[in-house]
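Take a look at the structure set out below.
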Number of protein chains: 2
Amino acid sequence: MSATIRDVAQAAGVSPATVSRVLNGKVEVAEELSRRVREQVELLGYRPNGLARSLRMRATQVLGVVISDVTNPFFTSMVRGIEDQAQQAGYSVVLANSDEDLDKERRYLEVAAAEQMAGVVLSPSSSRRTDVSVLQRHGIPVVTVDRQLHATPVDSILIDNHLMARLATEHLLAQGCRRIAFVSGPRATTTGQRRLAGYRAALRAAGSTVDDDLVKRANFRVEGGYQATLELLDRRRRPDGLLVSNNLMALGALLALQEREIDLPAELAFASFDGISWARALRPTLTVVEQPTYEIGRQAAELLLERITSPDGIHPRKVVLSAELRVGESSLRRG
Amino acid sequence: MSATIRDVAQAAGVSPATVSRVLNGKVEVAEELSRRVREQVELLGYRPNGLARSLRMRATQVLGVVISDVTNPFFTSMVRGIEDQAQQAGYSVVLANSDEDLDKERRYLEVAAAEQMAGVVLSPSSSRRTDVSVLQRHGIPVVTVDRQLHATPVDSILIDNHLMARLATEHLLAQGCRRIAFVSGPRATTTGQRRLAGYRAALRAAGSTVDDDLVKRANFRVEGGYQATLELLDRRRRPDGLLVSNNLMALGALLALQEREIDLPAELAFASFDGISWARALRPTLTVVEQPTYEIGRQAAELLLERITSPDGIHPRKVVLSAELRVGESSLRRG
DNA sequence: GTGAAAGCGCTAACAT
DNA sequence: ATGTTAGCGCTTTCAC
């Protein structure tokens, strides 16, 4: 069908080995031969067969990305960062959806191992029960993003979730909120854990009592945020502040607030983690903890590629990027 | 590292070919040998090397899915359908984002060809300018979903966009709307074209004049729908009905309507194509043209797998699935 | 610096 | 029905 390395070699009057050397540029090849090879590559439209290459090299040029929700802009923006960095290094990127489901996650990690992917970027469904040993047995490096693994030491890129939750809560307190409710993520994720802890820390530090009736857990999805918020609003004494721990749940929360016709920020000051690009269109503008999602992805890929090219087990790195509390109208009380 | 087919063969006391035959089940193998082979496969934890298999078979077990927006639930639900069907047949699925960008799309189609993917599900960015010849040259079958290609005859799965747009428009007319605005998709896509045509046909059939001032084109994204709707609302005479031709733009439209404090359905009757799962939470409930997205994906994969296994060029099929106009409160005028 | 040859793990054609 | 053999397209020793 299409041209192989032999065809190019023959046409250029050299051996396949030489063509390979020219194309991979690791070894010096005489100027003249090199020129002839490139000429024929162009002429024949030769494209190396990645499969054969990978079979021989015992590793593909593919990075796997296993995330919990492809429909979440937070993750897709991250994926862009990964893609860009990977492409530069000649790798391609394959996406898989774990749906916060340990079974699905395990299956995809097995696929990654079976397909001999060069590395995996993972946003683990559970800090304790996600199992990356399949990959480690095959010598496939892993980097976690957004979340961490408890027992297993692997590279990770994330923000200081505890700090940012504390800052957001402190901001709401400073706006005069006395009863700040919190919509938390799944208990199993480190983001769920750390953000809740940060919220509590801020309340304690301010001398407020931490009222567990004001905390609801949900699943990081729109419906979850919607339900949780409705329940919080129906508490005997209504909260006057609300912090939501991800973007999709924040959207759900806004729907619930709208349904109950609650005025932001007058009746309730609102803040959440992670923006959504089009949310800028909303009025009031939203107060959000903004993560450098693209950069998280880019650095994850960078770290992963480093591990791939030099697997000499350096100590696992944990990279903490800085996030930003962007204050909008939804939490700002005049006066 | 991990066990190969030779290891299994040796352990079971048979030849590699026999192991292959047992595993692929195309040829009869004696009960006894088959048992021994399976036993050793289990024991050694043998996993076939897909790379080697693909290299030998001259085709991977991977389907490519090239869509314009991974963040759109419409497409992701479709991808689920594709994945489920593909997995049943032992294929895995790789996603790529074309962003409605012809260049990106072309690059991904080239990747699909270079990686020798078994087939491609494509939602073409442009009915005329999208070029699938790269795939055809490599004998890789293509199925388009949601949209069609003009010149190139390939299989396609979609709904009757003209009909559904007409029905939705007729519904708005029946609710007493006299000035129905339309937010259309990109001119280059068949969905953009057909839905607009259906809208116009309904107006003409009702004896209404078609006022091009009431039609805005946008890019199928939230921002686009938001901008387009704002402009439509600022027309000298405000529309009293609005049909939006996809889900994300509908979300943008709703934001715009909210910003202008327009009451649905009293001041304006609202309908759109494609639901969003969490939109059920919205009040008023929305009137939508609901597509069988999962089924579109499933059938696309089914058709593709058929082409892959028997490439004897039967005439390209066009499968038209039925959609449904689900009437909600957003367009229902009492009395 | 370059070519010949071996082999990555698998399947298919050919023998038996 | 099963085994032997060759080869998919590439990289990489090993000679020269």
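As the structure is a computational prediction, the values presented were derived from the model and not from experiment. Order of the sequence lines sets the chain letters (A, B, ...), proteins ahead of strands, with each chain counted from 1. Computed from heavy atoms alone, side chains included, the values below leave out hydrogens, waters and symmetry copies.
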What's the [atom1]-[atom2] distance between [X] and [N], to the nearest Å?
| X | N | atom1 | atom2 | value |
| --- | --- | --- | --- | --- |
| B:L51 | C:dG9 | CG | P | 11 Å |
| B:Q116 | D:dC10 | CD | C1' | 12 Å |
| A:L55 | C:dA6 | CG | C1' | 13 Å |
| B:E115 | D:dG9 | CD | C1' | 14 Å |
| B:D7 | C:dC8 | CG | P | 11 Å |
| B:R6 | D:dT4 | CZ | P | 10 Å |
| A:R35 | C:dT2 | CZ | C1' | 17 Å |

Has B:E32 got more than 12 heavy atoms of other residues, nucleotides or ligands less than 6.0 Å from its CD?
->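 More than 12 within 6.0 Å, yes.
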
Reckon A:L33 touches a base, only the sugar-phosphate, or nothing at all at heavy-atom distances under 4.0 Å?
->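 It contacts sugar-phosphate atoms only.
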
Interatomic spacing from CE in B:M117 to OH in B:Y108 - rounded to 0.5 Å =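 One finds 10.0 Å between CE of B:M117 and OH of B:Y108.
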
About how many Å separate CZ of B:R298 and CD1 of B:I157, when rounded to the nearest 0.5 Å?
->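 The CZ atom of B:R298 is 9.0 Å from CD1 of B:I157, to the nearest 0.5 Å.
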
Charged N to carboxylate O below 4.0 Å: is that the case for A:E100 and A:R147?
->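 Result for this pair is yes, salt bridge flagged.
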
State whether A:R107 and A:D101 are salt-bridged, where the test is any N-O pair (Lys NZ or Arg NE/NH1/NH2 against Asp/Glu carboxylate O) under 4.0 Å.
->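 No salt bridge links A:R107 with A:D101.
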
Can you check whether B:T4 has a side-chain N or O nearer than 4.0 Å to OP1 or OP2 of C:dG9?
->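 Answer no for this pair, as no side-chain N or O of B:T4 is under 4.0 Å from OP1 or OP2.
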
Can you find a side chain N or O atom of A:R58 that sits less than 4.0 Å from OP1 or OP2 on C:dG9?
->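 Yes, because at least one side-chain N or O of A:R58 sits under 4.0 Å from OP1 or OP2 of C:dG9.
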
Any chance you could list the contact pattern along nucleotides 11-16 of chain D? Use B for base contacts, S for sugar-phosphate-only contacts and - for none, protein heavy atoms under 4.0 Å, 5' to 3'.
-> BBB---

Option among A:V79, A:V65, A:V66 that satisfies the side-chain contact (heavy atoms from CB on, under 4.5 Å) test with A:V121 =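 Looking at A:V79, A:V65, A:V66, the match for A:V121 under the side-chain contact (heavy atoms from CB on, under 4.5 Å) is A:V65.
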
